[in-house]
A.B. asks: 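So that we are looking at the same thing, I have put the structure below in structure tokens.
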Amino acid sequence: MRTQVYKINPNNIEQDIELLKKAGDILASGGLVAFPTETVYGLGANALDEKAVSNIFTAKGRPSDNPLIVHIGQVEDLNPLVQEVPLKAKKLMDDFWPGPLTIILRSSQRVAKTVSAGLSTIALRMPAHPIALALLKEAGVPVAAPSANISGRPSPTTSEHVEEDLLGKIEVVIDGGSAGVGLESTVIDMTTDVPIILRPGGITKEQIEKSIGYIEIDKNLNEEVQKPRSPGMKYKHYAPKAPLYIAQGDEVEMVKKINNAISNYKSKGYRIGVLTNNQHKDLYEDVLIISLGDNSNPSELAANLYQGLRQFDNTKVDIILAEGYREDGVGLALMNRLKKAAGNKYL
Ligand code: TXA
Ligand code: MG
């Protein structure tokens, strides 16, 4: 298959509305279209079309027990897809939609069976990106969309990343520039008495608690468990090709651990990459440095993480050493992805 790339300026959707209409038609009639969202690029298929949805799993090499998020363009589109909308869920939609929050509700089983991978619940999100919203409107159907990467690889934050992974396997990639947040949406289960965050993301626990009060975080968030509440969390994720180790502790301790590891691996002849930030990048010598940006700005560090991990894949390093960050606010999501990428390996 020849993948078409549609370049669309997110700041002037009207100018490219014909391309968006075409992409919308392709989606509605069963094709796969990758598109930018405010978190990462998504790979969309008509959620009502069993065949189209199963093509997503094939294109990504995604395990079939890992359910997909259904994307909608307006809140009204939700009603046919769910059994009920609890009051707190409604409040979250009012406060955070469109935006990087995925809400799990009881499913009406209207979407294709493969979307929820046999679960009785459905994950829903209204993305905030102008191209995503316009595309959903043109498609006129709910759109199932996982991140547009080969399963296991870092999620794509640019259309180039999507092309690296999926060229020739899907009908269209919409190139709309860099995704903003850079990490996937927060996933919250609203079907339990106390809501539970299954995946931390762009909307923080602190923000959600301000809106609806006490919530919990899945106990197994960073662990590799056999049957997590969010099936996708059990798989190896975001992993660069070279093994990745995280250094934790206070600043002095962390830098020391990394420098000790550098001299140790150097003596074995390893080529070493260090994932750090602007403030610390001069503390390591004679290694490949990738900086995630300003150390005091967790949103910036998060936005650059996947790009950084992919960059190591395009260089020839044998081992990657990464600095750890505080696990609050966006830092919780940043560290969750970094720990998954490392497979929980620490210096
Ligand atoms: O930001 C995002 O959410 C991006 C963009 C494209 O919207 N999408 C995304 O999709 O990250 P994906 O498929 O890579 O991650 C979906 C996550 C998986 O961990 C999956 O297991 C979980 O959501 N999930 C989906 N439906 C679920 C359900 N009914 N119950 C529990 N977890 C669910
Ligand atoms: Mg993904």
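When a ligand or atom number is given, it counts from 1 through the structure's own listing order.
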A.B. asks: Does an N or O from Ser147, backbone or side chain, lie closer than 3.5 Å to an N or O of ligand 1?
C.D. replies: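 Such a contact does occur with ligand 1.
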A.B. asks: Which residue pairs pass the salt bridge (charged side-chain N to carboxylate O under 4.0 Å, His left out) test with at least one member in residues 10-26, sequence neighbours excluded?
C.D. replies: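 Every salt bridge (charged side-chain N to carboxylate O under 4.0 Å, His left out) pair that includes a residue of residues 10-26, provided the two are not neighbours, is Lys21-Glu138.
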A.B. asks: Once you measure the plane-to-plane angle for Tyr270 and Tyr265, does it fall in the parallel (<30°), tilted (30-60°) or perpendicular (>60°) bin?
C.D. replies: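 Correct class here is tilted.
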A.B. asks: Does either side chain, that of Gln248 or that of Tyr325, offer a donor lying less than 3.5 Å from an acceptor on the other one?
C.D. replies: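 Side-chain D/A pair, Gln248 to Tyr325: absent.
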A.B. asks: May I ask you to list the atoms of ligand 1 that are less than 4.0 angstrom from any heavy atom of Thr121?
C.D. replies: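 Listed by number with element: 28 (C), 29 (N), 30 (N).
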A.B. asks: Out of all atoms in ligand 1, which are within 4.0 Å of some heavy atom of Gly42? Include the element for each.
C.D. replies: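 That gives atoms 6 (C) of ligand 1.
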A.B. asks: Measuring from Tyr284:OH to Asn259:CG, what's the distance to the nearest 0.5 Å?
C.D. replies: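 Between Tyr284 OH and Asn259 CG, I get 6.5 Å after rounding to 0.5 Å.
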A.B. asks: Going by the atom numbers of ligand 1, which of them fall below 4.0 Å from some non-hydrogen atom of Ala123?
C.D. replies: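 Those atoms are 25 (C), 26 (N), 27 (C).
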A.B. asks: Closer than 2.8 Å to the Mg ion (ligand 2), how many protein N/O/S atoms do you count?
C.D. replies: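 Protein heteroatoms (N, O, S) closer than 2.8 Å to the Mg ion (ligand 2) number 1.
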A.B. asks: Atom CD of Gln4 and atom CD1 of Ile170: how far apart are they, to the nearest 0.5 Å?
C.D. replies: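 These two atoms lie 11.0 Å from each other.
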A.B. asks: Between Ile104, Asp65, Val40, flag the one that comes closest to atom 30 (N) of ligand 1 by a heavy atom.
C.D. replies: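 Ranked by closest heavy atom to atom 30 (N) of ligand 1, first place is Ile104.
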A.B. asks: Verify the distance criterion only: is there a donor paired with an acceptor across the side chains of Gln311 and Tyr306 at less than 3.5 Å?
C.D. replies: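 Checked: Gln311/Tyr306 side chains show no N/O donor-acceptor pair below 3.5 Å.
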A.B. asks: Yes or no on side chain to side chain donor-acceptor pair (under 3.5 Å) for Ser185 and Thr102, after CA distance, side-chain angles and deciding distance?
C.D. replies: CA-CA 6 Å; Ser185 62; Thr102 294; 2.8 Å; yes
A.B. asks: Which of the numbered atoms in ligand 1 are below 4.0 angstrom from a heavy atom of Leu119?
C.D. replies: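 What qualifies from ligand 1 is 28 (C), 29 (N), 30 (N).
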A.B. asks: Could you tell me, atom by atom, which parts of ligand 1 come under 4.0 Å of a heavy atom of Ser185?
C.D. replies: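 It comes down to these atoms of ligand 1: 1 (O), 2 (C), 3 (O).
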A.B. asks: Can you check which of Ile69, Leu43, Leu68 brings a heavy atom nearest to atom 16 (C) of ligand 1?
C.D. replies: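 Closest candidate by heavy-atom distance is Ile69.
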A.B. asks: What I want to know is whether Ser116 and ligand 1 share at least one N or O pair that is separated by under 3.5 angstrom.
C.D. replies: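 Such a contact does not occur with ligand 1.
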A.B. asks: Are a donor atom and an acceptor atom from the side chains of Arg337 and Ser155 found within less than 3.5 Å of each other?
C.D. replies: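 Not at all, the side chains of Arg337 and Ser155 share no donor-acceptor pair under 3.5 Å.
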A.B. asks: Which ligand 1 atoms does Ala145 reach within 4.0 Å, using its non-hydrogen atoms?
C.D. replies: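 Checking each atom against Ala145, I get 6 (C), 8 (N), 10 (O).
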A.B. asks: Using a 4.0 Å heavy-atom cut-off, which part of Asn66 comes near ligand 1: side chain, backbone, both, or neither?
C.D. replies: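 Answer for Asn66: side chain.
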A.B. asks: I'd like to know whether CZ of Phe57 has more than 12 heavy-atom contacts from other residues, nucleotides or ligands below 6.0 angstrom.
C.D. replies: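 Yes, the 6.0 Å shell around CZ holds more than 12 heavy atoms from other groups.
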A.B. asks: Say whether Glu184, considering both its backbone and side-chain N or O atoms, lies within less than 3.5 Å of an N or O atom on ligand 1.
C.D. replies: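 No; the residue has no nitrogen or oxygen that sits under 3.5 Å from a nitrogen or oxygen of the ligand.
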A.B. asks: Working to the nearest 0.5 angstrom, can you tell me the gap between Asp94 CG and Ser211 OG?
C.D. replies: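 One finds 8.5 Å between CG of Asp94 and OG of Ser211.
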A.B. asks: Can you confirm whether more than 12 heavy atoms, excluding those of Lys345, are under 6.0 Å from its NZ atom?
C.D. replies: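 Result for NZ/Lys345: enclosed.
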A.B. asks: Would you say ligand 1 has an N or O under 3.5 Å from any N or O of Arg62?
C.D. replies: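 Yes; at least one N/O pair falls below 3.5 Å.
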A.B. asks: Considering residues, nucleotides and ligands other than Lys205, do more than 12 of their heavy atoms fall under 6.0 Å from its NZ?
C.D. replies: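 Enclosed: over 12 neighbouring heavy atoms sit under 6.0 Å from NZ of Lys205.
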